[in-house]
Enquirer: 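Following this message is one structure expressed as structure tokens.
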Amino acid sequence: MAYIKIFPIKVTAKKALDYITNPDKTDEKLLVSSFGCSPETADLEFSMTREMAKKNGMDKGDNLAFHLIQSFKPGEVDAETAHRLGQQFADEVLKGKYEYVISTHIDKNHIHNHIIFNAASFVDHHKYVSNKRSYHKICRISNRICHENGLATSMPTVEKGKGYKENMEYHRGTSWKAKLRVAVDKAIWSSINYDEFLQKMQLSGYEIRQGKNLSFRAPEQKNFTYMKSLGNYYTEENVRARLEKNRYKTKAPKHLSREARLYINISTYVTTGNREGFERWAKLNNLKEAARTFNYLSENNLLNYDDFQQHISDVENSIKAADQKFEEISAELGTQKLIQKHCDSYRLCRKVIENCKSAQNPKAYRTKHQAEYQLHDSLKKELQDLGVTKIPTSEKIQKRIESLESEQATVICEKQELQKKQKTLGIIQQNFSALLNVPVMQIPVSKAEKIL
């Protein structure tokens with residue numbers, strides 16, 4: 001179970017960074033890591049990023065950094081696991097846009113992580129916004145990571161109106177309200193009027209009580225549950241509104257794609273008006289869609305079922321390849337933006353060092369700019385770790401970033417087109433057997449031409 005706290009740093013980030021990297025608390029700094037900066041010079045790198053944000057007109061607010069604490073239950077995890085989960089947590093929350101330093105403290109009976117991250121992004125120079133919405137998002141990420149690693153989840157999310165008992169039942173999957181919401185949604189989805197909705201709820205095993213407020217009770221439930229207690233989306237007024245939308249959909253079913261559409265199963269539609277007219281329209285619609293589907297299969301040489309299945313498999317593999325390519329480009333793009341940030345900071349430090357040549361008292365100058373000298377060496381090492389031995393020009397890095405962003409956008413478009421094609425093939429696959437049974441040859445040619 002990880003407990004999360006976050007608060008801003010408004011005065012100085014160095015004191016907070018010195019505190020969280022204390023060797024006595026972090027096993028002689030073995031449990032200290034960072035992203036986009038060096039733990040020893042993080043405060044100066046944070047400041048440089050904020051200065052860049054200020055030059056770009058993004059310096060809003062007086063927050064210098066944010067301090068995020070992630071605490072674990074005593075005995076729940078060891079120090080190395082806590083540190084690894086903390087890094088995963090920080091990476092998912094900050095998405096590679098903010099420098100951060102993370103340390104795991106083991107000086108108390110409960111292991112906990114301290115994460116201090118810059119208030120300004122080195123990627124787009126936007127300031128981090130901390131509010132209830134972002135806090136709930138952080139909590140959801142923490143809960144998911146804990147769940148994936150077999151730890152209890154306890155942090156609040158955006159859901160409201162749950163007491164402690166119901167919240168615990170919800171996580172155990174025994175909440176009556178959670179089960180009722182699922183049953184109500186399922187009944188509404190397959191109904192077009194209020195009476196049919198109540199009938200389907202009754203068939204699901206729920207006892208109905210209609211009075212001032214509609215309520216339901218499951219077979220083993222002790223008390224009735226009011227619909228209004230499920231939230232505004234489940235009030236009687238909104239239920240009727242959702243059912244009315246279903247009625248509208250049955251009168252004019254929407255086609256799912258241009259190339260191929262689902263056949264209409266007449267027996268699943270119940271109309272309140274002209275049933276004979278609806279059936280006649282549905283039969284003609286099915287004939288039209290059967291012809292279109294056949295044309296699509298014919299034009300793409302997919303009339304052989306094995307070839308059709310192989311085509312579906314090829315499209316799925318292409319989507320997976322596009323996903324992999326997107327991840328590779330995203331990783332390279334993140335690396336290039338990190339290099340860009342380090343190079344900009346390195347040039348500033350280099351300028352400070354070069355000015356030492358014209359200083360009247362070089363020794364005093366070095367003492368005054370000791371932090372810049374330390375950062376210069378740190379940045380040089382980090383750039384070497386990234387494979388950069390010669391500092392590229394700002395224009396060259398920016399051109400590389402723009403090229404990667406263009407390539408990323410192209411991959412996204414390709415994936416979207418493949419997903420559309422996959423959706424069409426999925427519809428055709430559902431209708432493949434039905435297509436073979438459609439009596440197209442029984443229709444007179446003159447009528448078939450009118451249909452098509």
Enquirer: Applying side-chain contact (heavy atoms from CB on, under 4.5 Å), run through Gln88 and Asp91 and close with a yes or a no.
Expert: CA-CA 5 Å; Gln88 182 184 351; Asp91 289 339; 5.7 Å; no

Enquirer: Is any side-chain heavy atom of Ile6 less than 4.5 Å from a side-chain heavy atom of Tyr135?
Expert: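 A side-chain contact under 4.5 Å exists here.
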
Enquirer: Taking the six-membered ring for Trp, are the ring centroids of Tyr128 and Phe117 within less than 6.0 Å of each other?
Expert: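 Yes.
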
Enquirer: Any idea which heavy atoms bring Phe224 and Ile208 closest together, and the distance?
Expert: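 So the two residues come closest at CE2-C, 4.2 Å.
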
Enquirer: Take Leu68 and Lys5 through the test side-chain contact (heavy atoms from CB on, under 4.5 Å) and record every step on the way to the result.
Expert: CA-CA 6 Å; Leu68 189 58; Lys5 288 195 297 185; over 6 Å; no

Enquirer: So does Lys132 get a backbone contact from the side chain of His136, meaning a donor-acceptor N/O pair under 3.5 Å?
Expert: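 Yes, His136 side chain to Lys132 backbone: donor-acceptor pair under 3.5 Å.
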
Enquirer: So, for Asn118 and Leu64, which heavy atoms are closest and what is the spacing to 0.1 Å?
Expert: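 The pair with the smallest heavy-atom distance is OD1-O, 3.2 Å.
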
Enquirer: If only atom types and distance count, is the side chain of Ser134 paired as donor or acceptor with the main-chain N or O of Asn131 below 3.5 Å?
Expert: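 Indeed, once roles are kept as given, a pair shorter than 3.5 Å links the two residues.
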
Enquirer: What distance separates Phe216 CZ from Glu207 CD, expressed to the nearest 0.5 Å?
Expert: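 Those atoms lie 11.0 Å apart.
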
Enquirer: Can you tell me if His112 and Ser71 form a side-chain donor-acceptor pair at under 3.5 Å?
Expert: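 No, no side-chain donor-acceptor contact under 3.5 Å.
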
Enquirer: May I ask you to decide whether Lys200 forms a salt bridge with Glu196, counting only side-chain N to carboxylate O separations under 4.0 Å?
Expert: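 Looking at Glu196 together with Lys200, the answer is yes, because their closest N to O distance falls below 4.0 Å.
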
Enquirer: Is a donor from one side chain sitting under 3.5 angstrom from an acceptor on the other, for Ser38 and Glu45?
Expert: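 Not at all, the side chains of Ser38 and Glu45 share no donor-acceptor pair under 3.5 Å.
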
Enquirer: Less than 4.5 Å apart, side chain to side chain, heavy atoms only: is that true for Met227 and Thr235?
Expert: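 The answer is no, as the side chains (C-beta and beyond) never meet within the 4.5 Å cut-off.
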
Enquirer: Among Asp307, Asp306, Asp314, whose side-chain hydrogen bond (donor to acceptor under 3.5 Å, both in side chains) with Gln310 holds?
Expert: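 Checked Asp307, Asp306, Asp314 against Gln310; only one passes side-chain hydrogen bond (donor to acceptor under 3.5 Å, both in side chains): Asp314.
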
Enquirer: In sequence, state the C-alpha distance, the side-chain angles, and the governing distance for Val184 and Phe197, and then conclude on side-chain contact (heavy atoms from CB on, under 4.5 Å).
Expert: CA-CA 8 Å; Val184 168; Phe197 160 69; 4.1 Å; yes

Enquirer: Does a sphere of radius 6.0 Å around CD in Gln324 hold more than 12 heavy atoms from other residues, nucleotides or ligands, not counting ones at 6.0 Å or beyond?
Expert: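 No, because the 6.0 Å sphere around CD of Gln324 holds 12 heavy atoms or fewer from other groups.
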
Enquirer: Hey, do the aromatic rings of Tyr98 and Phe122 have their centres closer than 6.0 Å?
Expert: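 No: the rings miss the under 6.0 Å criterion.
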
Enquirer: Measuring only between side-chain heavy atoms, which start at C-beta, is Ser103 closer than 4.5 Å to His105?
Expert: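 Result yes, sub-4.5 Å side-chain heavy-atom pair found.
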
Enquirer: I would like to know whether Ser34 and Glu99 meet side chain to side chain donor-acceptor pair (under 3.5 Å); could you show each step before the answer?
Expert: CA-CA 8 Å; Ser34 63; Glu99 303 114 313; over 6 Å; no

Enquirer: What is the distance from atom CD of Glu316 to atom CG of Leu425, rounded to the nearest 0.5 Å?
Expert: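 Between atom CD of Glu316 and atom CG of Leu425 there are 9.0 Å.
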
Enquirer: Return the OG to NZ distance between Ser318 and Lys415, rounded to the nearest 0.5 Å.
Expert: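 Going from OG on Ser318 over to NZ on Lys415, the span is 12.5 Å.
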
Enquirer: Heavy-atom distance under 4.5 Å between the side chains of Val411 and Ile329, does that happen here?
Expert: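 Of all side-chain heavy-atom pairs linking Ile329 with Val411, at least one is under 4.5 Å.
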
Enquirer: For Lys228 versus Asn213, what's the shortest heavy-atom pair and its separation?
Expert: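 Result for this residue pair: NZ-ND2, 3.6 Å.
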
Enquirer: Any sub-3.5 Å donor-acceptor pair from Asn63's side-chain atoms to Ala65's backbone N or O?
Expert: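 No, the answer is negative, given that no donor and acceptor are paired below the 3.5 Å cut-off.
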
Enquirer: Drop me the distance from Arg144's CZ to Phe89's CZ, to the nearest 0.5 angstrom.
Expert: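 So the CZ of Arg144 and the CZ of Phe89 are separated by 10.5 Å.
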
Enquirer: For the CD atom on Glu237, are there more than 12 heavy atoms of other groups (residues, nucleotides or ligands in this structure) within a distance under 6.0 Å?
Expert: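 Open: at most 12 neighbouring heavy atoms sit under 6.0 Å from CD of Glu237.
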
Enquirer: Check this for me: Glu148, atom CD, are more than 12 non-hydrogen atoms of other residues, nucleotides or ligands nearer than 6.0 Å?
Expert: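 Count over threshold, so yes.
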
Enquirer: For the pair Arg400 and Glu332, find out whether any cationic side-chain nitrogen is under 4.0 Å from an anionic carboxylate oxygen.
Expert: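 Salt bridge: yes.
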
Enquirer: Does Asn193 offer a backbone N or O that forms a donor-acceptor pair with the side chain of Ser191 under 3.5 Å?
Expert: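 A pair under 3.5 Å: no.
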
Enquirer: Has the side chain of Thr21 got a donor or acceptor atom that lies under 3.5 Å from a matching backbone atom of Leu17?
Expert: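 Judged by distance alone, yes, a pair lies under 3.5 Å.
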
Enquirer: CD1/Ile312 to CD/Gln422 distance, rounded to the nearest 0.5 angstrom?
Expert: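 Atom-to-atom, Ile312:CD1 and Gln422:CD are 9.0 Å apart.
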
Enquirer: Using side chain to side chain contact (heavy atoms under 4.5 Å, CB included) as the criterion, point out the one residue from Arg347, Gln340, Lys341 that pairs with Cys343.
Expert: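 Only match with Cys343 under side chain to side chain contact (heavy atoms under 4.5 Å, CB included): Arg347.
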
Enquirer: Looking at Ala82, is its backbone amide N or carbonyl O close enough to the side chain of Asn113 to form a donor-acceptor pair, meaning the two atoms are under 3.5 Å apart?
Expert: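 The answer is yes, because a donor-acceptor pair under 3.5 Å joins these two groups.
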
Enquirer: Which residues pass the side-chain hydrogen bond (donor to acceptor under 3.5 Å, both in side chains) test with Thr26, not counting sequence neighbours?
Expert: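 With neighbours one apart ignored, the set is empty.
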
Enquirer: Can you check whether Asn232's main-chain N or O pairs, donor with acceptor, with Asn238's side chain at less than 3.5 Å?
Expert: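 Yes, the answer is positive, given that a donor and an acceptor are paired below the 3.5 Å cut-off.
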
Enquirer: Quick check: does any side chain N or O of Glu328 sit under 3.5 Å from a backbone N or O of Lys325, one acting as donor and the other as acceptor?
Expert: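 No, the answer is negative, given that no donor and acceptor are paired below the 3.5 Å cut-off.
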
Enquirer: What's the verdict on salt bridge (charged side-chain N to carboxylate O under 4.0 Å, His left out) for Asp124 and Lys337, showing C-alpha distance, side-chain angles and the deciding distance?
Expert: CA-CA 10 Å; Asp124 54 19; Lys337 288 182 178 179; over 6 Å; no

Enquirer: In Å and rounded to the nearest 0.5 Å, what is the CG to NE2 distance from Asn301 to His311?
Expert: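 Asn301 CG to His311 NE2: 10.5 Å, rounded to 0.5 Å.
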
Enquirer: If you take all heavy atoms of Leu31 and Ile106, which pair is closest and at what distance?
Expert: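 Looking at all heavy atoms of both residues, the closest pair is CD1-CG2, 3.9 Å.
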
Enquirer: Could you check whether Thr389 and Gln384, counting side-chain N and O atoms only, form a donor-acceptor pair closer than 3.5 Å?
Expert: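 There is no such pair (donor and acceptor under 3.5 Å, judged by atom type) between the side chains of Gln384 and Thr389.
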
Enquirer: Just checking, Lys186 and Trp189: is the charged tip under 6.0 Å from the six-membered ring centre and within 45° of the axis?
Expert: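 Not flagged: Lys186 not positioned over aromatic ring of Trp189.
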
Enquirer: Do you know which two heavy atoms are closest between Phe46 and Cys37, and how far apart they sit?
Expert: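 That would be CE1-SG, 4.1 Å.
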
Enquirer: State, to 0.1 Å, how close Thr104 and Ala79 come at their nearest heavy-atom pair, and which atoms those are.
Expert: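 Looking at all heavy atoms of both residues, the closest pair is CG2-O, 3.9 Å.
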
Enquirer: Is it the case that Gln221 and Thr225 place a side-chain donor and acceptor less than 3.5 Å from each other?
Expert: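 Side-chain D/A pair, Gln221 to Thr225: present.
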
Enquirer: For the pair His114 and His67, name the ring-plane relationship: parallel under 30°, tilted 30 to 60°, perpendicular over 60°.
Expert: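 Rings of His114 and His67: tilted, as their planes differ by 30° to 60°.
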
Enquirer: Is any side-chain heavy atom of Thr49 closer than 4.5 Å to a side-chain heavy atom of Met52?
Expert: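 Heavy-atom side-chain distance check fails, nothing below 4.5 Å.
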
Enquirer: Within the distance-only criterion (no hydrogens, no angle test), does the side chain of Arg242 pair as donor or acceptor with the backbone N or O of Ile188 below 3.5 angstrom?
Expert: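 Judged by distance alone, no pair lies under 3.5 Å.
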
Enquirer: So, the side chain of Asp27 versus the backbone of Leu30: is there a donor-acceptor pair under 3.5 Å, distance only?
Expert: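 No; judged by distance alone, with no hydrogens or angles, the pair does not exist.
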
Enquirer: Closer than 4.0 angstrom, basic N to acidic O: yes or no for Asp385 and Lys381?
Expert: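 Lys381 and Asp385: salt-bridged.
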
Enquirer: Which residues satisfy the side-chain hydrogen bond (donor to acceptor under 3.5 Å, both in side chains) test with Ser345, sequence neighbours excluded?
Expert: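 Ser345 satisfies side-chain hydrogen bond (donor to acceptor under 3.5 Å, both in side chains) with no other residue.
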
Enquirer: Answer with yes or no whether the side chains of Asp195 and Gln199 bring together a donor and an acceptor at under 3.5 Å.
Expert: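 No, Asp195 and Gln199 have no side-chain donor paired with an acceptor closer than 3.5 Å.
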
Enquirer: Between Glu236 and Arg240 (salt bridge meaning N to carboxylate O under 4.0 Å), is one present in this structure?
Expert: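 A salt bridge is present here (some side-chain N lies under 4.0 Å from a carboxylate O).
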
Enquirer: State which residues pass side-chain hydrogen bond (donor to acceptor under 3.5 Å, both in side chains) with Asn149; sequence neighbours excluded, sorted by chain then number.
Expert: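 Testing Asn149 for side-chain hydrogen bond (donor to acceptor under 3.5 Å, both in side chains), a comparison that skips the adjacent residues, returns none.
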
Enquirer: Below 4.5 Å, heavy atoms only, C-beta onward: do Ser229 and Lys177 meet side chain to side chain?
Expert: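 Contact flag for Ser229/Lys177 side chains = yes.
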
Enquirer: Give the C-alpha distance, both sets of side-chain angles, the deciding distance and a yes or no for side-chain contact (heavy atoms from CB on, under 4.5 Å) between Arg84 and Thr81.
Expert: CA-CA 5 Å; Arg84 176 178 57 81; Thr81 301; 3.6 Å; yes

